[in-house]
Each structure stands twice: as C-alpha cells, then as structure tokens.
Amino acid sequence: MARKARGRGGGGRGFTLLWVSSAFGEFAYSTSLIVLPLVVLALTGSPSQAGIIGFVDAAAMLLAGLPAGAVADRYDRRTVMLWCQAALVAVFGALALLLWTDAVSLPALVVLALVNGAATAVTMATGEAMIPSLVEEERLSDAVAMNSARTYAGQLAGTSAGGVLLAVKSTFPFVVGCLAHLAGLVLLLFLKRQPPAGAAADRPEISGRGLMEGVRWIARHPFLRVGLVCATATNFFFGVIYFIVIASAQTSGMHTGLIGLMAGLLGVGGLLGALAAPLLQRVLPGALPILVVLWAFVLLTVGIAVLPGGWTPGVLLGTIAFAAPTANAYFTTYQLLLTPDSHRGRVVSVAAIASGGGGALAPLAGGILLDLTGRFTGLLGCTAVMAVIALLMSLSPAMRDVPEPEHTQAPVDTQPEPDRATA
C-alpha cells in the first residue's frame, strides 16, 4: 500500500508536471509529423517517397515498442524519460542545422526519423505506465481523458504551427520543436523519481521472455484482444486517409500554411472530444463509444470523398476525432485497472504496437494508393473495408458483453496472482 499512498501524496503536482512536459513533446512530434513528409515531397516531388519518411518514423515506434515497455518496467521511469527527451532535443537540433545549411538529404532524414520514432515510443510507454502512480484510482479515467486532450492539443498546435513555420522557412519548425523538447526535459527534472514496483530481482529482463509478457497478458483477455485488433485497423485506415488528404492538397497547390491549419482541425475535434469524454462515457455505456467511432468513421469518410470544399476534409476528420477520445478513455482505463504496476509498461507498449502498427504502414500505403488510384477511388476503397470492420465489431461478443475490470492498482507492491501473471 505504500506505493499507492506515495502516488496520492504527490498526485496533483506530479501528474501536472508529466502532463505539461508530455504536451511539449506532443507539440514537437506533431510538428515533425506534418512537416517531414512535406519537406521530402518538396525535395523529391514524389508522394511515395514522402510516404516513406512517415513510414520510417512510425515503424521505428513500432519496433521500439516491446523494448520500451520492458525498459519502463525495469528502470526508474523519470530517468528513462529524461534520456529520451535529451535524444529528441538532439534530433530536432540536427534537423534544423541540416536544413539551415542546405545539407539535407533523404537518407539523413530517414536516420533522424528512426531516432525520433524510437525515442517517442519509449517516452509514450513510460509516461502512460506512470499515470496510476500519480493519481487516485477514482480519478484515473479523468486523467486518461486529460491525456487525450493533451495529445489533441499538441496535435492542433503542432500541425498548425508546423505548416505556418514551414511556409516562412523550413528550418523554423525544427528549431521550435527542439526548444519544446528542451522545455519538457527541464520540467521532468522537478518530478520525483519513479522506480518500478517490486524488488530488482523481480523486474523484467530485456529478453525475449520479458518482452513477450505483455503480449501474453493481453492474449488472455478477449476484450483487450479484440479491441487492439480494431484499433490497429482503424489507425491504419485513418492514417491512409489522412495522408491522402494532406498529399492531395499539397499536389493541388494549396498553400502549406493552409494545409497546416486544415490538418489542425483534427486537433480541434480531438481536443473538444477529450474535454467531453467524461460526460460521453456516462451517456455511452460499455464498449458503445468504440462502435460509434467505427460507424462515424465510415460515414464521414464518404463525405471526405464526395463533398466539395478545400476545408471539408479537415472538418470531417475533426468530427471523427471528436468521438475518438471517449473510446480511448474507456479502453485505456480498463487496461490500466486490469494490469498490475509491474506489468504496465509492457502492456502499454504492446497496446501501442497493436494500435500503432497500422499507423506504421499507413503513410507508405497512402502514398502508393494515391499514386495508383487517385484521391476519390482510394478514399472509397478505404470506406468499404472500414464498413466491413465496423460490422464485424458490432457483432462481436467481446464488444457486446464487456466484464468489469478487477481493480489492481492498490496491491502494486505485492506479487500478482499466479493465474493472472503467467500465460
């Protein structure tokens, strides 16, 4: 019980420091997410090659996912985040220097995108695993919703600022991103140490068995399994659609500043949805938020394909994003309550891999699809597949009958029960 008391004693200040530090990181990452493909597109003139840079970044996050969870469960989580922030400061500084000196090349961008994606993966897994030790259990759902708000606020500010800064000078987005990560690093210095639960001998080794423990844990819970499959498919097709919208706007001659502002509407919808998530969770019981997101995605993607107007795609993507935080808050809270502290880093990282795996392939697939089929046909193809997925999820017993999670936050200093800790 000592660990729970410690988390409650410093919960407000500790969570605020983590939240603000991570918000700076979200801002910088969202800036790079929209600017890097546009830099490559200007450099090569190829949507497919522009998709490669997004694929590399997302693939690095995917490959670093399992080690990230084991690192978060084995070492002091504050120290891990400090090292990651330092690496990200270096990456953004290097990108700014390359662009300033006109020494940028596609191979250099690929290498820096690899480091950016890997360090971001470790930061995200470690920060999310830390949340239950910083807030009371009854406030966990609200904290998860606040994290969603942070993500979308960072995306809103980052995508908008990225497009505007890129229009002024290509160096500026990465100078600002470097400063944002530096601010996040400084804030983490004021956070108390966050050592992992249990004795050192019980902490996971960075080995195959230790890395796969999170996979085995999720595999034993039907709702987590089905939910992560759904998240993987949804993130993939959302990423494909997002890339098609951004790349087609660029090739049609839309100003990069306007592209950034249009993409920023996604952040507006997500931010408003995250603020409304606590209320919506009371209105939409059980797994209904997930099903609402799926069917909204299908209908609104049709609108993106057929409705006129340069700003229409941004508005409709923002509408999808409005519903997403409620589904995310429900699923993530269930997952965190179900998982003991000694396993949270690995379970969080496996969930990130499952949901982010689709995102890793999305930019590359979006570029190829846009080249081969064009905007209209590509969007309608994505709609058809998502309609099938939404129907299957609506009929799934795991989605219709979700059991209440057992509350495992309190006994985090004790060994998990054998039947829940081992496969």
Side-chain angles (χ1 to χ4, degrees), residues 26 29-38 40-41 47-48 50-59 61 113 117 151-152 154-160 162-163 231-252 254 256 258-271 273 293-294 296-305 307 309-325 328 355-371 373-383 385-386 389:
E26 296 278 5
Y29 183 72
S30 295
T31 299
S32 71
L33 203 61
I34 189 171
V35 169
L36 277 174
L38 295 179
V40 175
L41 192 58
S48 297
I52 288 174
I53 200 70
F55 166 73
V56 167
D57 186 289
M61 293 185 68
T151 298
Y152 284 107
Q155 186 176 56
L156 170 61
T159 53
S160 300
T232 300
T234 303
N235 283 358
F236 172 75
F237 285 104
F238 188 87
V240 170
I241 292 165
Y242 180 81
F243 184 88
I244 289 175
V245 168
I246 295 300
S248 59
Q250 171 82 353
T251 55
S252 68
M254 180 180 284
T256 56
L258 294 178
I259 293 176
L261 291 174
M262 182 184 68
L265 293 174
L266 179 66
V268 173
L271 177 59
V293 169
L294 289 173
F297 191 177
V298 172
L299 296 175
L300 293 171
T301 304
V302 175
I304 294 172
L307 294 178
W311 292 90
T312 301
V315 172
L316 296 180
L317 286 173
T319 305
I320 298 172
F322 178 83
N328 177 71
S355 62
L361 295 173
L364 182 60
I368 294 173
L369 190 62
L370 184 59
D371 278 341
T373 68
R375 182 181 185 276
F376 179 77
T377 303
L379 290 174
L380 288 187
C382 292
T383 301
V385 179
M386 279 304 304
I389 293 171

How many angstroms lie between [atom1] in [X] and [atom2] in [Y], if you round to the nearest 0.5 Å?
X	Y	atom1	atom2	value
I52	I368	CD1	CD1	8.5 Å
T232	I389	OG1	CD1	10.0 Å
I304	L380	CD1	CG	11.0 Å
T312	L317	OG1	CG	10.5 Å
L294	I320	CG	CD1	10.5 Å

Please give me the minimum heavy-atom distance between P313 and R375, naming the atom from each residue.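 The answer is CG-NH2, 3.5 Å.
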
What is the minimum heavy-atom distance between P37 and S32, and which atoms define it?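 P37 and S32 have their closest heavy atoms at CD-O, 3.9 Å.
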
Validation: residues 236-248 side-chain donor-acceptor distances under 3.5 Å, sequence neighbours left out:
from : atom 1 : to   : atom 2 : distance (Å)
S248 : OG     : I244 : O      : 2.6
S248 : OG     : V245 : O      : 3.1

Just to verify, what does A113 make a side-chain contact (heavy atoms from CB on, under 4.5 Å) with, not counting sequence neighbours?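 Partners of A113 under the side-chain contact (heavy atoms from CB on, under 4.5 Å) test: I53, V56, D57.
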
Pairing residues for V35 by the side-chain contact (heavy atoms from CB on, under 4.5 Å) criterion, not counting sequence neighbours: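 So V35 forms a side-chain contact (heavy atoms from CB on, under 4.5 Å) with T31, V39, L166, P173, F174.
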
